[in-house]
> 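Structure incoming, see below.
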Amino acid sequence: MLGNFVYHNPTKLYFGDKSLDNLNDELKNYGKNIMLIYGGGSIKNNGIYDEVIKILKDNGKNIFEDSGVMSNPTLEKLNEGRKIAKENNIDFILAVGGGSVCDYSKCVSAFAHSDGNIWKRYFENREVVANKTIPLGCVLTMVGTGSEMNAGAVITNSDLKLKLGYGFGIDVFPKFSILNPKFTFSLPKYQMVAGIYDIMSHIFEQYFSDFDDNTSDYIMEGMLRSIIHSSKIAVKNPTDYEARSNIMWTATWALNTFVAKGKTTDWMVHMIGHSISAYTGATHGMTLAAVSIPYYKKMLPYAVEKFKKYAINVWDVNPVGKTDEEIAKEGLVEMEKFMREIGLVMNIKDLGVTEDIVDKMADVFAIRQGGYKVLTKEEIAEIYRESMTL
Ligand code: NZQ
Ligand code: ZN
C-alpha cells in the first residue's frame, strides 16, 4: 500500500428491500423543514414518491419540493435549488433519485449559504467550502455513480460547455443512504447498463494506475468478476433481486474512496467522457463505454504486465502458449465482447457526436497524470475518432 492515508467514511447505509422503513428513525434527528429533491418524474411512476411523502408527513415535516433535476445537472438549475433552500430555512435535504439528484443535492447543501459566483469560486478556482452546509440523506433509485456514499458532485455549465466535478469535505457526505435494490427494477435497460459500465469504469480508473502489489487491486478484480456475472443475469431478467442487489452493493463500494486508498488512480476516461456529455448531454456511463476500448488500447503498450493480470484474473484468459502481449490484448477483446453483449454504446456517433466537434471536445478541462501514458490533446482526439469507427 502506498503512502500514508486516513480512511473515514461517515455515510450510514441501509440496504435491502425493507430499507426505506429506516427513514422514519433517521428523520427524527433533523428539524422540520425538509427539501425533497428529485428528478423528472420516474419516482412518481414507480410509487417511490408516494412512499416517501407518506413517511415525511407521518413525521410531521414541512415539505419543500425541488423537482426536475435533469441528468447531468446544470449550474442554472442548481442556482434555483440554492434559492429554495436558503429562502425556506431548510433543515435537511432528502435526495430521491440517481447520481444526478444526489450530486445536485450535495451542491445545494454546500452552496445554499455561499455567496457570489459559485462556478468561479469552487469549480474553477477550487476554493474550499467554509460556510454552513445543510445535512442530506439519499434514497437511491439508479445505480452506478457511487454518489450515495461519497462527497463528489458533477455539474454542467451549459454556457461554457464544461462538466466539472468537485470533492466536498466530510460534512457533505450523505448522512445516510437507503439502498433498496427493488427501487432499481423500473430503470430502462439503457440506464441500467449505463450504470453498470459506470461502476466498471470507476474500478478501471483506480485499477489501471501504477504497478505496485496492492490489496485494493485484488479487491477490484473480485468486484469486476461479480459485476460481470450479475450484469449478464440482470440484462436477461431485470427483476432478479440477487443480481440487482449485487450490482447495487458493488457500485457503492467502487467509489466511496475505499479501493482508492494506498494507490495512485487515473480518471482520464472520465475526463474524456465528461467532455462528450458537456457537448451532447449524453448519458454518463455510455460516454465512458464508448471511449474505453480506444483508451485502454492506447495504454496497453505501456503496461503489458497489468493488462495481462487483468486478462487472466478478470476475464479468465488462458495464458498457455501465448506471449504477455497476446494475453493482455485478449483481455481487451473479451471486455469488448462483454460490452457489446450487454448493449453498451461503443461508438460516440450514437451519443450525438459529429466530426466538427471532436477537436473542441478534445480540449478537456484537465489531463490527468495517473494513467500509464499522459495523453496529449491530439491523442484524445484520436480516441474519439477511433470510437467513431467501432
Ligand atoms: O429524472 P428521472 O425521471 O428520475 O429519471 C432518471 C434519469 O432520466 C432515471 N431513473 C432514475 N431512477 C430510476 C429512473 N427511471 C426509472 N426507474 C428508476 N428507479 O434514470 C435517468 C438517469 O438518472 P441519473 O441520476 O442522471 O443517472 P446517474 O445515476 O448515472 O447519474 C449521472 C450523474 O452523476 C455524475 C455524472 O457525471 C452525471 O452527472 N457522476 C457522479 C459521481 C459522483 N458523485 O461520485 C461520479 C460519477 O463518475 C459521475 O460523474
Ligand atoms: Zn462515473
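The shown structure was predicted, so the numbers you read here are calculated from the model rather than taken from an experiment.
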> Verify, without hydrogens or angle tests, whether Y30 (side chain) and I93 (backbone) share a donor-acceptor contact under 3.5 angstrom.
no
> Side chains of Y384 and S275: closer than 4.5 Å at any heavy-atom pair?
yes
> Report yes if the distance between the aromatic ring centroids of F176 and F92 is under 6.0 Å, otherwise no.
yes
> Going by an N to O cut-off under 4.0 Å, is there a salt bridge joining K77 and E80?
yes
> Go through the structure and list residues passing ring-ring contact (aromatic ring centres under 6.0 Å, His included) with Y302, not counting sequence neighbours.
none
> May I ask you to say whether R225 pairs ionically with D316, meaning some side-chain N is under 4.0 Å from a carboxylate O?
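A salt bridge links R225 with D316.
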> Under 4.5 Å between any side-chain heavy atoms of M335 and L224, yes or no?
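No, their side chains stay 4.5 Å or more apart.
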> Take F185 and N46 through the side-chain contact (heavy atoms from CB on, under 4.5 Å) test and state the conclusion after the steps.
CA-CA 9 Å; F185 284 179; N46 57 24; over 6 Å; no
> With a 4.5 Å heavy-atom cut-off, do E26 and L94 have their side chains touching?
no
> Does a side-chain N-to-carboxylate-O contact under 4.0 Å join R244 and D240?
no
> Identify all side-chain donor-acceptor contacts of residues 190-200 below 3.5 Å with residues at least two apart in sequence or on another chain.
residue : atom : partner : partner atom : Å
Y197    : OH   : S292    : OG           : 2.7
D198    : OD1  : H202    : NE2          : 2.8
D198    : OD1  : H284    : NE2          : 2.9

> If you apply the rule side-chain contact (heavy atoms from CB on, under 4.5 Å), what do you find for K106 with Y166, and how did you get there?
CA-CA 10 Å; K106 288 174 192 169; Y166 186 88; over 6 Å; no
> Hey, are D363 and K377 close enough for a salt bridge, meaning a charged N less than 4.0 Å from a carboxylate O?
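Salt bridge: yes.
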> Compute whether any side-chain donor of one residue and acceptor of the other, for Y14 and D25, lie under 3.5 angstrom apart.
no
> Just to verify, what does F183 make a ring-ring contact (aromatic ring centres under 6.0 Å, His included) with, not counting sequence neighbours?
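ring-ring contact (aromatic ring centres under 6.0 Å, His included) check on F183 returns nothing, list empty.
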> Regarding T215 and D217, do their side chains bring together a donor and an acceptor under 3.5 Å, going by distance alone?
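No donor-acceptor contact under 3.5 Å links the two side chains.
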> Between T11 and S177, does any side-chain donor sit less than 3.5 Å from a side-chain acceptor?
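Not at all, the side chains of T11 and S177 share no donor-acceptor pair under 3.5 Å.
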> Report yes or no: do N72 and T156 form a side-chain donor-acceptor pair below 3.5 Å?
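No donor-acceptor contact under 3.5 Å links the two side chains.
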> In terms of side-chain geometry, is the basic nitrogen of E336 or R340 positioned less than 4.0 Å from the acidic oxygen of its partner?
yes
> Salt-bridged, E51 to K54, with N to O below 4.0 Å?
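So E51 does not pair with K54 through a salt bridge.
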> Specify the closest pair of heavy atoms between V317 and I312, including all atoms of both residues, with the distance to one decimal.
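The answer is O-CG1, 3.8 Å.
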> If you draw the axis of the six-membered ring of Y218, does the NZ or CZ of K309 fall within 45° of it and under 6.0 Å from the ring centre?
yes
> Any donor-acceptor pair under 3.5 Å linking the side-chain atoms of S114 with those of N131?
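Yes, side-chain donor-acceptor contact under 3.5 Å.
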> Should E379 and K298 count as an ion pair when the cut-off is N to O under 4.0 Å?
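Looking at E379 and K298, the cut-off is not met.
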> Identify whether NZ of Lys or CZ of Arg in K263 sits under 6.0 Å from the centre of the six-membered ring of F5 and within 45° of that ring's axis.
no
